[in-house]
Amino acid sequence: MNKEGVKTYLVTGGAGFIGSNYIHYMFKKYGDTIRIINVDVLTYAGNLENLKAVEDRDNYTFVKADITDKEAIAKIFAENDIDRVVHFAAESHVDRSIRNPEVFVQTNVLGTAVMLNCAKAAWELPDGSFKEGKKFLHVSTDEVYGSLPDDENAFFYETTPYDPHSPYSASKASSDMLVKAYMDTYKFPANITNCSNNYGPYQFPEKLIPLIINNALQGKKLPVYGDGKNVRDWLFVEDHAKAIDMVQEKGRLFETYNVGGHNEKQNIQIIEIILETLQEMLPEGDPRKAHVSKDLITYVEDRKGHDRRYAIAPDKIKAEIGWEPETMFAEGIKKTIAWFFENEEWMKNVTSGDYQKYYEEMYK
Ligand code: NAD
Ligand code: TYD
């Protein structure tokens, strides 16, 4: 913290979906009383357009760098007195991990090791303790816990053993273990959050919700994997941003907190809600009203190793920190669709080029 009490945050992956929402949330909440340095290498999922509204702020800096690049990351720590690390940067899409696992290990495991090492080197005192007030938050997923049965009383807890199935969740589980190892071995000041599926503005349309919104508006088929009855626990992204901030400010160091929406739905239910909400929100006379319909639903081959059900009981974060999901799904999905209506250009830009190639390969 500097003399004026301004904390400096190093956010990795801030140009992605959750990272950019987090940056907007933090500036809305703290204004000029924080500084944010956003480090992102800008993969297909990183988009500086997500941060247009903040890019001219004096207390915001973007650094294009790869988290696996030790020198680049060490340089940021050397040049800035970093108080908080919030580590989002990762390869995040399960389907891509099934096709190309290696980059997931590279970024999610090695990249996390580099972040931990650089933070440790910058924050460690000669006696092996750490400078006062420094904190690292590792943003992870509930997918590390594996898959739950179709039983509405079964939930993931912080004590649930890790049992990842996809290369994505295995790489995230490995990165969580590294953070745990740093905490256990060095008393490195960190927390881990394991969150359920997010949705909201700026989500890349390879993920279910934005993909369905985008396809339905264009009258394209809506691909449903398997029987469509896999369950995910959906959380509005701003609620996740708030949870991350609350864990860093109020959580006990070295603890893991599960973050979830209490909003379990089958994929097919999500698709039906999106179709109904689109019909409701599209103005009379809009030509898209004619093709937004269940006729677009197309059952396709199941994802390999497809986890059946995820569900979080966010009891610990509620009891210890007072965080609860605030945005009901009916409201969150309206906000999300309204955002996509207002940001058609964003969608056009991110779905041109490389994404087109990915989409054709994936759904051929
Ligand atoms: P995203 O794919 O939208 O964004 C990832 C960001 O990381 C991008 O901006 C990308 O450019 C950047 N990045 C990737 N590799 C990098 C590298 N080597 N160096 C620097 N930057 C790099 O992902 P997201 O959905 O915003 O997820 C963010 C984090 O939250 C991830 O760690 C993910 O595992 C976790 N998470 C996501 C969800 C979800 O539903 N999306 C749920 C729980 C946890
Ligand atoms: P996704 O958004 O990829 O998140 P995750 O796999 O990390 O949970 O997928 C959410 C659910 O939707 C998952 O059960 C897979 C399913 N799904 C489809 O049925 N069709 C699709 O085109 C996509 C992308 C996902």
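Keep in mind it's a predicted model, so treat the numbers as computed, not measured. All residue numbers refer to positions in the sequence shown, counting from 1. First listed ligand is number 1; within each ligand, the first listed atom is number 1.
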### Query
Is ligand 2 under 4.0 Å from a heavy atom in the side chain of E206, in the backbone, in both, or in neither?
backbone
### Message
Tell me the contacting part of D307 for ligand 2: side chain, backbone, both, or neither, using a 4.0 Å heavy-atom threshold, strictly below.
### Response
neither
Short list, please: which atoms of ligand 1 are under 4.0 Å from a heavy atom of [X]?
{"X": "I18", "answer": "24 (P), 25 (O), 26 (O), 27 (O), 30 (O), 36 (N), 37 (C), 38 (C), 39 (C), 41 (N)"}
{"X": "N197", "answer": "40 (O)"}
{"X": "S196", "answer": "42 (C), 43 (C)"}
{"X": "G46", "answer": "8 (C), 9 (O), 11 (O)"}
{"X": "T43", "answer": "10 (C), 11 (O), 14 (C), 15 (N)"}
{"X": "L42", "answer": "11 (O)"}
{"X": "V139", "answer": "30 (O), 32 (O)"}
{"X": "V41", "answer": "16 (C), 17 (C), 19 (N), 20 (C), 21 (N), 22 (C)"}

### Task
Considering only non-hydrogen protein atoms, determine which one is nearest to atom 7 (O) of ligand 2 and report residue, atom name and distance to 0.1 Å.
E143 OE2, 2.6 Å
### Query
What protein heavy atom sits nearest atom 4 (O) of ligand 2, and how far away is it?
N197 ND2, 3.3 Å
### Message
Looking at D239, is its backbone amide N or carbonyl O close enough to the side chain of E326 to form a donor-acceptor pair, meaning the two atoms are under 3.5 Å apart?
### Response
no
Nearest option to [atom], as decided by whichever heavy atom of [options] sits closest:
{"atom": "atom 5 (C) of ligand 1", "options": "G13, S92, A90", "answer": "A90"}
{"atom": "atom 10 (C) of ligand 2", "options": "D142, L208, N230", "answer": "L208"}
{"atom": "atom 40 (O) of ligand 1", "options": "T193, T141, N198", "answer": "N198"}
{"atom": "atom 6 (O) of ligand 2", "options": "R303, K207, H93, R232", "answer": "R303"}
{"atom": "atom 31 (C) of ligand 1", "options": "F17, F104, Y199, F88", "answer": "F88"}
{"atom": "atom 23 (C) of ligand 2", "options": "Y299, F204, Y225", "answer": "Y225"}
{"atom": "atom 33 (C) of ligand 1", "options": "Y168, F204, Y202, Y44", "answer": "Y168"}

### Task
Give the ring-plane orientation class for Y44 versus F204, where under 30° counts as parallel, over 60° as perpendicular and anything between as tilted.
perpendicular
### Task
Take the angle between the ring planes of W234 and Y199 and call it parallel below 30°, perpendicular above 60°, tilted in between.
perpendicular
### Message
Please report whether ligand 2 has a polar contact with V94, defined as an N or O pair separated by less than 3.5 Å (distance criterion only).
### Response
no
#### Entry: Part of H93 within contact of ligand 1 (heavy atoms, under 4.0 Å)
neither
### Task
Report yes or no: does a heavy atom of H306 sit under 4.0 Å from some atom of ligand 2?
yes
### Query
Do the numbers put K120 on top of the ring of Y186, so that NZ or CZ is under 6.0 Å from the six-membered ring centre and no more than 45° off the axis?
yes
### Query
Counting each atom of ligand 2 from 1 as listed, which ones have a heavy atom of P223 under 4.0 Å away?
18 (C), 19 (O), 20 (N), 21 (C), 22 (O)
### Query
Looking at V224, which atoms of ligand 2 are within less than 4.0 Å of one of its heavy atoms?
19 (O)
Measure the distances from the heavy atoms of [X] to every atom of ligand 1 and state whether one is below 4.0 angstrom.
{"X": "G111", "result": "no"}
{"X": "D66", "result": "yes"}
{"X": "T68", "result": "no"}
{"X": "A65", "result": "yes"}

#### Entry: L222 CG to L211 CG distance, which is reported to the nearest 0.5 Å
8.5 Å
